[in-house]
Every structure is written in C-alpha cells, then in structure tokens.
Amino acid sequence: MAYEVSGSKAIISGTTGQYGNVKKGTNYGKNAASNHLGYIKDFEIKSQPLNPDIFTKGHSVQEMADEIQAKLKDDKMPPINFLLQYAPKMGAIKGFFARLFKGSAIDTKALTGFTYEAMGQKKAITLEEADKDLNEAFKDITNAKLSAKAFDVNNDGMIDVSEEAVSTVLADVLSKEDADISNVSKALKKADGSYTNAGENKMTAFLNEENYDTASKTIKQIHKKMKLDKAAKSL
C-alpha cells in the first residue's frame with residue numbers, strides 16, 4: 001500500500017515506492033508524490049456513496065444514522081487526514097545546521113523531485129493549464145477564483161518545477177502550529193519536509209486572485225531564499 005494508517009491519519013512518505021528504497025534526494029520526493037497519488041486513487045476506488053434508499057419514509061431515523069456511521073467507520077476507506085513527508089526529516093543536529101546555514105531543513109532535491117513527479121514528470125506547464133487543473137481540483141472546497149499567477153515568479157506565462165515547489169513549502173509551513181508566513185525567514189525555519197491536509201487547504205489562500213499582490217511577494221521571497229532554480233537543475 002502507498003501509505004500507512006496511524007490512528008485516524010494516513011502517513012505517506014518517500015522511503016519506499018516506485019523508485020526503490022531511498023533515504024534522501026530526488027527519488028525520495030518522486031516516491032512521495034507517487035505514493036500520494038496512490039492515496040488519492042484509493043478514495044476514487046473505495047469510496048461508496050450513502051444508500052439513498054435508507055433515507056426514505058420506509059426507514060427509521062436509527063437506520064439512517066447507522067448508514068452514516070457505517071461509512072465513517074469503513075476501514076477500507078483511507079483516512080481524510082494525512083501527513084505527507086515529501087522530503088526526509090533531518091535529525092536534530094543536521095537540521096540545526098541546515099537551518100543555520102541554508103535557512104530551512106528541507107532537502108531541496110527531494111522537494112523538486114516531488115514536484116516534478118506531481119506535475120506528471122513535466123518541468124513546466126502553461127499558466128492556463130495550471131489554472132484549469134486548480135479550479136477543477138478545488139471546486140468543492142472554495143468558491144473563490146483560483147489562479148497560479150502569483151507562482152509565476154519570472155512572469156513568463158509558465159509554471160516551472162522550481163515555482164510550483166513553493167506551493168509545497170507553503171503547505172509545509174502552514175501545517176505547523178502558530179504558522180505565520182509574514183516573516184518568511186522565520187517561517188522557513190519551521191518547515192521540516194512534511195505537510196498535512198490542513199496545511200494544503202490553507203495554502204489555497206495564495207491561489208486566490210484577490211490575494212495576488214501579497215502572495216506574489218511572499219512566493220518570490222521563498223523561491224529566492226531557497227535557491228529553487230538551482231535545485232531544479234538537478235532533475
């Protein structure tokens with residue numbers, strides 16, 4: 001299985017998977033993205049709608065409640081909550097020095113490998129493609145008009161791997177307690193190569209067209225501080 005279940009949470013990582021057993025680097029990220037896709041596909045395959053016949057006059061309130069509870073307790077369904085380790089978590093000492101000298105404890109090769117695989121093994125897509133995918137993916141979550149425009153750091157009408165990788169870093173930071181992205185340098189020190197579904201949902205604020213000006217400044221800062229252009233060249 002592409003993930004493990006711990007309590008009410010799915011744990012997804014890149015230690016094993018399509019690209020073998022790895023501890024770090026590009027293939028760790030690729031495994032993590034591939035395993036995340038497997039997690040998502042489980043919802044599509046295993047999810048079954050509530051039986052509409054139960055919700056008729058011929059059935060009691062208890063039967064209706066039992067139908068709902070049965071779905072909630074269905075152990076075949078993956079948990080809604082997840083923790084995705086897209087880059088290996090560094091040990092205390094290595095993480096300390098990474099934050100001290102690099103500003104964050106994220107394996108950027110794993111990050112860009114994760115992004116490359118999540119983008120369908122494309123190094124760049126058009127802004128129009130990105131916007132179409134976004135509004136399809138999040139149509140049931142928000143009514144806001146979403147666009148990846150703020151992630152187009154160099155304003156070339158394309159979203160490349162290095163630019164798309166910023167969205168993962170944002171989800172990472174926003175998954176942490178007391179997340180505050182107003183100070184980018186301080187926020188990046190909290191990033192540890194993982195994010196949750198809650199962090200992913202919070203990240204969509206940076207996709208809202210109404211937040212473009214603020215979002216664009218933050219995204220450019222992260223892109224520059226983490227030297228993501230350089231990291232993406234290793235793909």
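Computed from a predicted model, the values in this text were never measured in an experiment. Keep in mind that the numbers below use all heavy atoms, side chains included, and drop hydrogens, waters and symmetry copies.
The shortest side-chain heavy-atom distance between F114 and T26 does not fall under the 4.5 Å cut-off. Side-chain atoms of F206 and N211, non-hydrogen and from C-beta on, never get closer than 4.5 Å to each other. Within the 4.5 Å cutoff, no side-chain heavy atoms of T196 are placed close to those of L84.
A donor atom on one side chain and an acceptor atom on the other are found under 3.5 Å apart for T126 and E129. Using a 3.5 Å distance cut-off with no hydrogens or angles, the side chains of E117 and Y19 do pair a donor with an acceptor.
Rounding to the nearest 0.5 Å places OG of S167 at 7.5 Å from CG of L207. Going from atom OH of Y195 over to atom CG of L83 covers 10.5 Å, rounded to the nearest 0.5 Å. One finds the CG atom of L170 at 7.5 Å from the OG1 atom of T218 (value rounded to the nearest 0.5 Å). A distance of 6.5 Å separates OG in S194 from NZ in K89, rounded to the nearest 0.5 Å. Separating the NZ atom in K123 from the OG1 atom in T115 is a distance of 13.5 Å, to the nearest 0.5 Å. Taken to the nearest 0.5 Å, the NZ atom of K225 stands 7.5 Å off from the CG atom of L188.
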### Message
Using the rule given for side chain to side chain contact (heavy atoms under 4.5 Å, CB included), can you reason through S13 versus Y28, listing the C-alpha separation, both sets of side-chain angles and the distance that settles it, and then say yes or no?
### Response
CA-CA 8 Å; S13 78; Y28 184 103; 3.6 Å; yes
### Task
Quick one: do D229 and S162 satisfy side-chain hydrogen bond (donor to acceptor under 3.5 Å, both in side chains)? Show the steps, please.
CA-CA 5 Å; D229 268 341; S162 73; 3.0 Å; yes
### Task
Please step through side chain to side chain contact (heavy atoms under 4.5 Å, CB included) for the pair E163 and H223, ending with a clear verdict.
CA-CA 7 Å; E163 294 165 329; H223 189 268; 4.1 Å; yes
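Surrounding NZ of K189 are more than 12 heavy atoms belonging to other residues, nucleotides or ligands, all under 6.0 Å away. Annotation: L100, atom CG; neighbour count of heavy atoms from other residues, nucleotides and ligands within 6.0 Å is above 12. By the 6.0 Å contact criterion, NZ on K176 is enclosed, its count of non-hydrogen atoms from other residues, nucleotides or ligands being greater than 12.
Within the 3.5 Å criterion, the main-chain N or O of I159 finds no donor-acceptor partner in the side chain of E164. Using a distance-only test at 3.5 Å, with no hydrogens or angles considered, no donor-acceptor pair links the side chain of S34 to the main chain of K30. Side chain of S216 to backbone of Y212: no donor-acceptor contact under 3.5 angstrom is found. Listed for the D107 side chain is a donor-acceptor partner under 3.5 Å among the backbone atoms of G25. The backbone N or O of Q18 lies less than 3.5 Å from a partner atom in the side chain of N31, making a donor-acceptor pair. In terms of modelled atom types and a separation under 3.5 Å, the side chain of D152 and the main chain of G157 share a donor-acceptor contact. The main-chain N or O of G193 is found under 3.5 Å from a side-chain atom of D172 such that the two form a donor-acceptor pair. A distance-only check finds no donor-acceptor pair linking the side chain of D192 to the backbone of A105 [under 3.5 Å]. Although no hydrogens or angles enter the test, the distance criterion places a donor-acceptor pair under 3.5 Å between the side chain of N197 and the main chain of F82. A donor-acceptor pair is defined here as one N or O able to donate and one able to accept, closer than 3.5 Å; no such pair exists between the side chain of E200 and the backbone of T168.
Closest approach of M226 and T108 over heavy atoms only: CE-CG2, 3.9 Å. Scanning both residues, G14 and V22, for their nearest heavy atoms gives O-CG2, 3.3 Å. The two residues I12 and A32 come nearest to each other via the heavy atoms CG2-O, 4.1 Å. Shown here for S6 and I11, the closest heavy-atom pair between the two residues is CB-CG1, 4.1 Å. Annotation for V161 and K122: closest pair CG2-O, 3.6 Å, computed over non-hydrogen atoms. Pairing each heavy atom of L134 with each of A148, the nearest pair is CD1-N, 3.6 Å.
Note: the hydrophobic cluster containing F97 does not contain I106 (ILVMFWY, side chain heavy atoms under 4.5 Å, direct or indirect links). Hydrophobic clustering keeps M158 apart from L235 (ILVMFWY residues linked when any side-chain heavy atoms are closer than 4.5 Å, directly or through intermediates).
Under the 4.0 Å criterion applied to side-chain N and carboxylate O atoms, K190 and D180 are not assigned as salt-bridge partners.
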